[in-house]
Amino acid sequence: MIPKINLNHFARPVPRSDGFALKVMVFNYDLNGGSYEILDVNDLKVSFNLVQFPGAKLTIHTEQGGDRALLVAIGISYVYEGMRKEDRRYFACQISNCWHLRDGVEVEFQAPERKDIPEIELGDRGLSWEVG
């Protein structure tokens, strides 16, 4: 959910842009089986002609059975005449949320048990330099 907000607090125009686009991707990983699904959400394009962003909400349905990691990544890029600008200087992305789900219920992330690994004696191996 993105709340109503004054647009100049959300994003500032850059040269040759008349708006911006928010890109959302959802990654749903089965932690036991290794399978995954990637949900690609259509861009939300916003014009800089708006003074107030009206807010937006997105409902996403995913598989939730078993042990799963659910990540949400959000990117922002600028738009000129309806097309996304491909200038990497004006693009940002980050993972906004991450959850560990067990049969649809959020559980705390836990580090795997640490296993003691025996040290291995390396001794002298390889070639040696002759100096001088």
Side-chain angles (χ1 to χ4, degrees):
M1 181 169 161
I2 302 171
K4 293 180 183 178
I5 190 169
N6 190 321
L7 199 58
N8 66 3
H9 294 294
F10 197 94
R12 290 183 171 45
V14 298
R16 295 186 49 86
S17 70
D18 52 18
F20 63 91
L22 291 179
K23 177 72 171 172
V24 175
M25 291 188 79
V26 179
F27 304 89
N28 186 2
Y29 295 99
D30 179 349
L31 296 172
N32 294 327
S35 63
Y36 62 91
E37 65 179 329
I38 299 174
L39 302 167
D40 192 13
V41 178
N42 294 330
D43 290 356
L44 173 63
K45 293 183 180 176
V46 179
S47 170
F48 284 127
N49 291 333
L50 295 175
V51 174
Q52 182 84 11
F53 178 71
K57 181 171 75 169
L58 178 65
T59 303
I60 299 172
H61 300 281
T62 63
E63 173 65 39
Q64 296 187 8
D67 239 2
R68 300 188 109 34
L70 189 66
L71 289 89
V72 177
I74 298 177
I76 184 170
S77 58
Y78 287 89
V79 174
Y80 181 65
E81 295 180 349
M83 300 297 294
R84 186 177 342 157
K85 291 177 61 116
E86 297 299 328
D87 191 335
R88 291 181 179 261
R89 293 176 299 171
Y90 304 117
F91 176 79
C93 184
Q94 76 174 25
I95 295 174
S96 65
N97 298 87
C98 185
W99 298 277
H100 181 189
L101 302 176
R102 185 167 291 134
D103 294 323
V105 177
E106 185 177 359
V107 295
E108 197 171 313
F109 277 102
Q110 295 179 352
E113 285 187 30
R114 190 172 188 151
K115 297 178 183 176
D116 288 330
I117 301 172
E119 276 192 40
I120 300 173
E121 286 283 329
L122 293 178
D124 284 341
R125 295 180 12 174
L127 302 174
S128 296
W129 287 93
E130 186 177 318
V131 180

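This chain uses plain numbering: 1 for the first residue, then up along the sequence.
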Rounded to the nearest 0.5 Å, the CG atom of N97 sits from the CD1 atom of I74 at a distance of 7.0 Å
Worksheet item: Would F48 and L44 show up in the same hydrophobic cluster when neighbours are defined by side-chain heavy atoms closer than 4.5 Å?
Response: yes
Side chains of K23 and D40 in contact at under 4.5 Å (non-hydrogen atoms): yes
Note to self: Side chains of L71 and Y29, heavy atoms from C-beta outward: is any pair under 4.5 Å?
What the structure shows: yes
field: Residue pair F20 / V14, side-chain heavy-atom distance below 4.5 Å
entry: no
Quick note, salt bridge (charged side-chain N to carboxylate O under 4.0 Å, His left out) partners involving residues 96-116, not counting sequence neighbours, are D67-R102
Looking at side-chain heavy atoms only, is the closest gap between L31 and H100 below 4.5 Å? yes
Discussion item. Quick check on the hydrophobic clustering: are V24 and W99 connected, directly or via other members, by side-chain heavy-atom contacts under 4.5 Å?
Written reply: yes
Across all chains, not counting sequence neighbours, the side chain to side chain donor-acceptor pair (under 3.5 Å) partners of E37 are N28
Sorted by chain and number, sequence neighbours left out, side-chain contact (heavy atoms from CB on, under 4.5 Å) with S77 holds for A21, R84, F91
Between F109 and C98 the two heavy atoms that sit nearest each other are CZ-SG, 3.6 Å
message: Is it true that, when you exclude N6 itself, more than 12 heavy atoms of the residues, nucleotides or ligands shown sit nearer than 6.0 Å to its CG?
response: yes
For residues Y36 and L101: do they belong to one hydrophobic cluster (side chain heavy atoms under 4.5 Å, members Ile, Leu, Val, Met, Phe, Trp, Tyr)?
no
d(I38 CD1, T62 OG1) to nearest 0.5 Å is 13.5 Å
- Query: Are M25 and I60 in one and the same hydrophobic cluster, where Ile, Leu, Val, Met, Phe, Trp and Tyr link if side-chain heavy atoms are under 4.5 Å apart?
  - Reply: no
Determine whether L50 and I5 fall in the same hydrophobic cluster, where Ile, Leu, Val, Met, Phe, Trp and Tyr are linked whenever their side-chain heavy atoms lie under 4.5 Å apart.
yes
Rounded to the nearest 0.5 Å, the CG atom of L22 sits from the NZ atom of K45 at a distance of 12.0 Å
To the nearest 0.5 Å, atom CD of E63 lies from atom CG of L39 at 11.5 Å
